[in-house]
Amino acid sequence: MVPSASFMCLAQTSFFAQQFDKDSAGFMLMVLCTLVALPSGLLLSARRNHPELTFWIACAMVVVFPFDSLIALMALTSLLARRADRTLTIRAVAAATIATLVSQIRDALQPADASLWHTVFAKPHTGGDSGRPPVMMVEEPTVVVTAAIASLVFVAGATLIGLHIRSRARLRTANALADAAKSKAATLASDLNNQQLADAIAAEAHDTLAHSLSLMALNAAALKAEAERLGDSPEARSLAAKAEDIRRQSAGALDEAHAIIDMLRDPVQAWEQLAPSDDTSLTRESLDALIADVRGSGTTLNTWIDIRQLSGLDEAIGKVAYRAIQEGLTNARRHAPGAPASLEASAAPQTGVHIHLSNPMPEHGGREPGAQATHGAGLPGLAARVDAVGGRCWYGVDDRRLFHVDVWLPWRG
């Protein structure tokens with residue numbers, strides 16, 4: 001577009017200059033017009049960001065200088081393609097029509113040797129470089145009328161092209177919006193299906209897990225009452241204390257089950273509840289409470305704890321660390337009940353967080369030494385959570401039939 005517009009402006013300027021002598025003021029003016037025509041096409045490079053300004057400048061140049069109207073028609077097409085205002089469209093078409101008529105009729109009214117339109121209607125081998133004066137095949141009024149009709153055709157073509165480009169752009173936009181709407185509808189449908197599944201899981205968990213935990217708590221309370229009737233012997237007091245621990249732990253598990261069920265039913269609040277808190281982060285208080293619960297259940301737990309500057313530990317890392325200790329101890333109690341367990345935990349900004357848990361494997365159901373153990377989904381899930389924050393997790397059985405869980409976490413996620 002840029003070279004075509006510049007070329008046509010130069011071509012018409014050169015024809016227009018033929019009527020002036022080289023030493024005349026008119027010829028010097030044509031030299032100035034030529035200097036303007038050379039870069040004139042570069043004006044169209046601004047049509048994307050400033051289509052209106054580009055169009056009005058192009059029309060002014062066509063009217064003021066002896067330029068061809070192609071640059072104004074190109075600017076009109078760009079303007080109509082980018083602006084949908086009806087009033088602006090009418091004004092732009094009217095202005096382009098006037099500028100095109102001025103340009104083409106001005107050329108048609110020039111002498112035969114200084115006019116592009118006269119060259120079109122000249123007899124072959126006359127005018128131009130032939131050395132013979134141009135001989136016209138039609139009368140002068142015909143040239144002018146033809147130029148006027150052609151001007152209207154040119155404007156109509158530029159207008160239709162601009163409106164066509166605009167309609168295609170609108171169609172692409174409509175298709176994009178339709179695709180976005182379909183994608184959003186599919187996402188909403190998927191979310192609805194997922195929520196329905198979560199509601200079904202929540203209902204099933206409430207009917208089974210919560211019911212079982214409630215019965216466990218009631219049975220523990222009944223066991224405590226029966227133990228208290230046995231008298232005040234040490235055995236009776238120990239049995240009553242154990243029953244109370246079971247009842248308390250069952251009640252706590254029931255509360256946690258209800259909290260998880262509520263999270264399934266309300267995903268918005270679930271994200272808030274899943275955020276790190278003092279009860280689920282690696283703090284001295286939460287770690288002491290977790291160790292006390294394990295020892296209170298009758299498990300022998302040997303610990304070596306060296307944690308420093310926990311206030312600067314990343315909250316997400318702290319939660320993963322707490323869950324790693326919790327899952328490791330739960331895994332030991334579930335798969336090696338009655339066996340002693342060991343916990344080593346260290347945390348410092350320089351070395352990160354290191355957690356190591358170990359317990360002997362039971363004689364029955366054990367794997368071969370060195371084999372990788374898979375205990376349900378707990379440890380694989382822990383490994384995935386550790387990997388998500390940039391840590392490392394290993395677990396398995398060594399040659400001494402000791403099961404190990406080893407976790408390293410960075411200080412910052």
Side-chain angles (χ1 to χ4, degrees), residues 1-20 25-83 85 87-121 140 143-166:
M1 293 174 66
V2 169
S4 298
S6 295
F7 174 78
M8 291 304 298
C9 291
L10 281 171
Q12 199 163 82
T13 301
S14 64
F15 272 89
F16 196 82
Q18 298 298 320
Q19 58 184 312
F20 300 105
F27 188 82
M28 297 303 298
L29 180 61
M30 292 301 101
V31 173
L32 177 61
C33 292
T34 301
L35 296 177
V36 175
L38 281 171
S40 61
L42 295 174
L43 174 65
L44 297 175
S45 60
R47 71 191 186 280
R48 295 183 182 275
N49 298 325
H50 308 285
E52 296 179 39
L53 183 61
T54 299
F55 171 74
W56 294 115
I57 293 177
C59 289
M61 290 173 59
V62 170
V63 173
V64 173
F65 299 105
F67 291 168
D68 185 76
S69 59
L70 179 62
I71 187 172
L73 296 174
M74 288 181 173
L76 173 65
T77 298
S78 299
L79 176 61
L80 297 181
R82 290 170 173 81
R83 296 292 184 267
D85 183 78
T87 302
L88 178 61
T89 299
I90 295 174
R91 292 177 180 176
V93 172
T97 302
I98 294 173
T100 304
L101 286 171
V102 169
S103 173
Q104 301 303 325
I105 294 177
R106 178 179 55 202
D107 178 80
L109 293 176
Q110 300 304 312
D113 56 352
S115 170
L116 277 171
W117 280 108
H118 283 81
T119 302
V120 173
F121 290 101
E140 290 293 326
V143 177
V144 175
V145 172
T146 302
I149 295 175
S151 299
L152 299 178
V153 173
F154 295 158
V155 173
T159 302
L160 292 176
I161 293 173
L163 295 177
H164 175 67
I165 295 174
R166 183 202 298 177

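Predicted, not measured: the structure shown is a model, and the values here were computed from it.
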> Between D107 (side chain) and L116 (backbone), is there a donor-acceptor pair under 3.5 Å?
yes
> Looking at every non-hydrogen atom in both residues, tell me the closest pair between A108 and H118 and how far apart they are.
O-CE1, 2.8 Å
> Below 4.5 Å, heavy atoms only, C-beta onward: do Q18 and P111 meet side chain to side chain?
no
> Decide yes or no for M61 and C9: does some side-chain heavy atom of the first lie under 4.5 Å from some side-chain heavy atom of the second?
no
> Does a side-chain heavy-atom distance below 4.5 Å link L79 with L88?
yes
> Do any N or O atoms from the side chain of S103 and from the backbone of A99 form a donor-acceptor pair under 3.5 angstrom?
no
> Measure the CD-OG distance between Q104 and S115 for me, rounded to the nearest 0.5 Å.
9.5 Å
> Quick one: does any side-chain atom of R48 pair with a main-chain N or O of R82 as donor and acceptor, under 3.5 Å?
no
> For F20 and F16, take the angle between the two ring planes, folded into 0 to 90°, and tell me which bin it lands in: parallel under 30, tilted 30 to 60, perpendicular over 60.
tilted
> What is the distance from atom CE of M28 to atom CG of L32, rounded to the nearest 0.5 Å?
9.0 Å
> Might you point out which heavy atoms bring A96 and L76 nearest each other, and give the distance in Å?
CB-CD2, 3.6 Å
> Under a 4.5 Å cut-off applied to non-hydrogen side-chain atoms, are T89 and R166 in contact?
yes
> Using only atom types and a distance under 3.5 Å, with no angle test, would you say the side chain of T77 pairs donor to acceptor with the backbone of A158?
yes
> Nearest 0.5 Å, please: how far is CG in L70 from CE in M8?
6.5 Å
> Tell me, do V62 and I71 make a side-chain contact under 4.5 Å, heavy atoms counted?
yes
> Is there a side-chain contact between F65 and T13 in this structure, where contact means two heavy atoms from C-beta onward sitting under 4.5 Å apart?
no
> If you look at every heavy atom in L109 and V144, which pair is closest and at what distance?
CD2-CG2, 3.7 Å
> Checking S151 side chain against A147 main chain: does a donor-acceptor pair fall under 3.5 Å?
yes
> CG/L80 to CG/D85 distance, rounded to the nearest 0.5 angstrom?
11.0 Å
> To the nearest 0.5 angstrom, please state how far the CG atom of L10 sits from the CG atom of L38.
5.0 Å
> So, taking the atom named CG in L73 and the one named SG in C59, what distance separates them when rounded to the nearest 0.5 Å?
8.5 Å
> Pick from L101, I98, T100: which one makes a side-chain contact (heavy atoms from CB on, under 4.5 Å) with V155?
T100
> Do M74 and R47 come within less than 4.5 Å of each other through their side chains, counting heavy atoms only?
no
> Pairs under 3.5 angstrom only: tabulate donor-acceptor contacts from the side chains of residues 50-58 to other protein residues two or more places apart or in another chain.
{"from": "E52", "atom 1": "OE2", "to": "R83", "atom 2": "NE", "distance (Å)": "3.4"}
{"from": "T54", "atom 1": "OG1", "to": "A46", "atom 2": "O", "distance (Å)": "3.4"}
{"from": "T54", "atom 1": "OG1", "to": "H50", "atom 2": "O", "distance (Å)": "2.7"}

